[in-house]
Protein chains: 2
Amino acid sequence: MAEKTFKILVVDDEPDILEFLSYNLEKEGFSVETAENGKQALEKAKKSQPDIVLLDVMMPEMDGIEACRTMREMPQFEHTIIAFLTARTEDYSQIAGFETGADDYISKPIKPRVLVSRLKALLRRYEAKESKSSFLDVGNIQIDRERYLIIFNGTEMAVPRKEFELLYLLASKPGKVFKRDEILNEIWGRDIIVGDRTIDVHIRKLREKLGEDLIKTVKGIGYKFEEI
Amino acid sequence: MAEKTFKILVVDDEPDILEFLSYNLEKEGFSVETAENGKQALEKAKKSQPDIVLLDVMMPEMDGIEACRTMREMPQFEHTIIAFLTARTEDYSQIAGFETGADDYISKPIKPRVLVSRLKALLRRYEAKESKSSFLDVGNIQIDRERYLIIFNGTEMAVPRKEFELLYLLASKPGKVFKRDEILNEIWGRDIIVGDRTIDVHIRKLREKLGEDLIKTVKGIGYKFEEI
DNA sequence: GATGTAATTAACGCTAAGTTAACACAATTT
DNA sequence: AAATTGTGTTAACTTAGCGTTAATTACATC
């Protein structure tokens with residue numbers, strides 16, 4: 001069984017460190033991308049959807065802490081592994097106290113072999129988590145997260161990302177009414193503001209594909225997935 | 001619209017910001033109080049027991065960090081939501097290092113809609129903790145808050161929101177007589193004013209669905225839920 | 001029977017949701 | 001790079017039905 005190639009985004013403002021890390025990580029079979037600050041990191045991450053983001057804490061433009069928090073707010077990075085690179089002198093608790101949602105803190109100076117083994121450990125943990133929830137089976141519909149496909153009455157169909165996420169969310173707890181706020185926070189992220197009608201439109205598109213019965217409106221509250 | 005009116009204490013030393021925030025929060029149905037420094041904030045908070053405290057970090061007299069720590073040490077503010085307003089230029093680690101126990105950090109410049117959506121998210125999390133039971137079971141009726149359904153004699157039925165909230169309130173303490181004022185405050189919120197007859201109508205609609213025996217009128221006082 | 005309070009109805013206004021089309025932007029193809 | 005297609009969001013309008021009002025009737029209590 002061929003191992004999957006993992007994508008790593010390394011973010012540091014010192015070119016030397018970037019090169020050093022890239023070299024060592026690539027040697028281990030990782031696919032490496034780099035960025036020089038938090039802002040750049042976000043842009044690149046959005047495009048390439050890395051499995052791991054290695055973030056230096058101190059950086060110009062946008063520091064690692066903020067970059068991490070921003071990413072964690074975005075649904076697309078919910079399962080991305082984020083690890084901080086911290087200088088020895090920096091107080092670890094400073095970062096930890098922030099509840100940034102980072103998965104690990106790796107302190108400089110970095111020893112390549114240590115780094116790689118830590119990352120592999122993280123990946124193992126992450127894969128174990130992922131495999132559990134990557135497939136949903138409720139009633140006459142199956143949702144395959146890995147392939148981004150839904151199987152409705154036995155026929156496979158591709159749905160756009162937002163619709164997919166929406167359906168996945170609703171179907172993850174059949175019967176439960178998801179409030180509009182809840183949906184917005186889960187799918188769009190807490191700081192992304194979209195108009196009220198946006199949810200409706202996505203619901204509509206889903207109903208067009210899956211029929212009117214699967215998703216029910218609870219007026220004044222939100223929507224729920226009804227298992228048939 | 002409003003389930004409950006939440007009290008917010010906004011603390012900042014700049015009157016402009018106070019006004020700006022007050023205006024926007026009040027527009028969203030929050031009940032807003034203001035203070036100009038940490039000391040004043042503490043005094044006001046003790047009296048009014050706000051649900052949320054929005055604290056600027058930099059302030060004369062007593063800064064936000066100290067105010068937050070002081071509040072967190074007092075049992076009466078154990079469950080109060082405390083959020084910091086931080087300028088982007090301020091060093092996060094300054095705040096983080098203190099382990100102040102704040103629930104969120106909102107960075108300036110503040111966009112009203114972002115602020116409101118974050119606060120709502122915080123409130124949801126907090127409410128989820130507070131309300132222990134999303135499921136009520138009294139006699140021949142069960143109320144499922146998560147699914148927004150009531151099960152009456154074994155049959156599920158959907159009821160409109162206001163009726164649902166009303167029934168839930170009454171059924172949460174069977175036998176207790178809820179005064180009209182009490183009901184208005186709980187279901188409609190502190191400063192939403194509706195006529196007295198509105199309650200009657202909702203009671204009527206519930207009785208139509210659940211029979212005449214479940215909800216009893218106590219003339220001159222209010223209503224109570226009678227367990228059968 | 002007078003007075004006040006609650007129940008009952010129907011009708012209406014308003015808000016939340018549905019609908020549709022058009023737009024902006026990304027991703028893809030040529 | 002240009003064109004095309006796909007996706008997500010907004011805007012404007014419509015619809016439905018919830019929540020409210022108001023007007024009337026019934027019921028207490030004095």
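Reckoned from all heavy atoms, side chains included, excluding hydrogens, waters and symmetry mates. Naming: A, B, ... by sequence-line order, numbering from 1 per chain.
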Taking the basic N atoms (NZ, or NE/NH1/NH2) and the acidic carboxylate oxygens, is any pair closer than 4.0 Å for Arg204(B) and Glu212(B)? yes

Atom of Val138(A), atom of Pro174(A) and distance for their closest heavy-atom approach: CG1-CG, 3.5 Å

Tell me whether the side-chain N/O atoms of Trp188(B) come closer than 4.0 Å to OP1 or OP2 in dG19(D). no

From dA17(C), dT10(D), dT20(D), pick the nucleotide closest to the side chain of Val201(A)? dT10(D)

Ignoring backbone atoms, establish whether Arg207(B) has a side-chain N or O less than 4.0 Å from OP1 or OP2 of dA7(C). yes

How close or far is atom P of dA7(C) from atom CD1 of Ile221(B), stated in whole angstroms? 13 Å

Comparing nearest nucleotides in DNA chain D, the 5'-proximal residue of the pair His202(B), Lys219(B) is His202(B)

Using OP1 and OP2 only, check whether a side-chain N or O of Arg204(B) sits under 4.0 Å from dT8(C). yes

What's Thr217(B) touching, base or sugar-phosphate or nothing? Going by heavy atoms closer than 4.0 Å. sugar-phosphate

In this structure, how many angstroms lie between the P atom of dA16(D) and the NZ atom of Lys216(A), rounded? 18 Å

Which part of the nucleic acid, if any, lies within contact of Tyr223(B), taking any heavy atom under 4.0 Å across all strands shown: a base, the sugar-phosphate backbone alone, or nothing? sugar-phosphate

Between Arg197(A) (CZ) and dA16(C) (C1'), how many Å, whole number? 7 Å

Distance in angstrom units between Phe164(B) CZ and dG17(D) P, rounded: 20 Å

Compute both the distance and the angle, then confirm whether Lys162(B) meets the cation-pi test with Phe164(B): under 6.0 Å from the six-membered ring centre, within 45 degrees of the axis. no

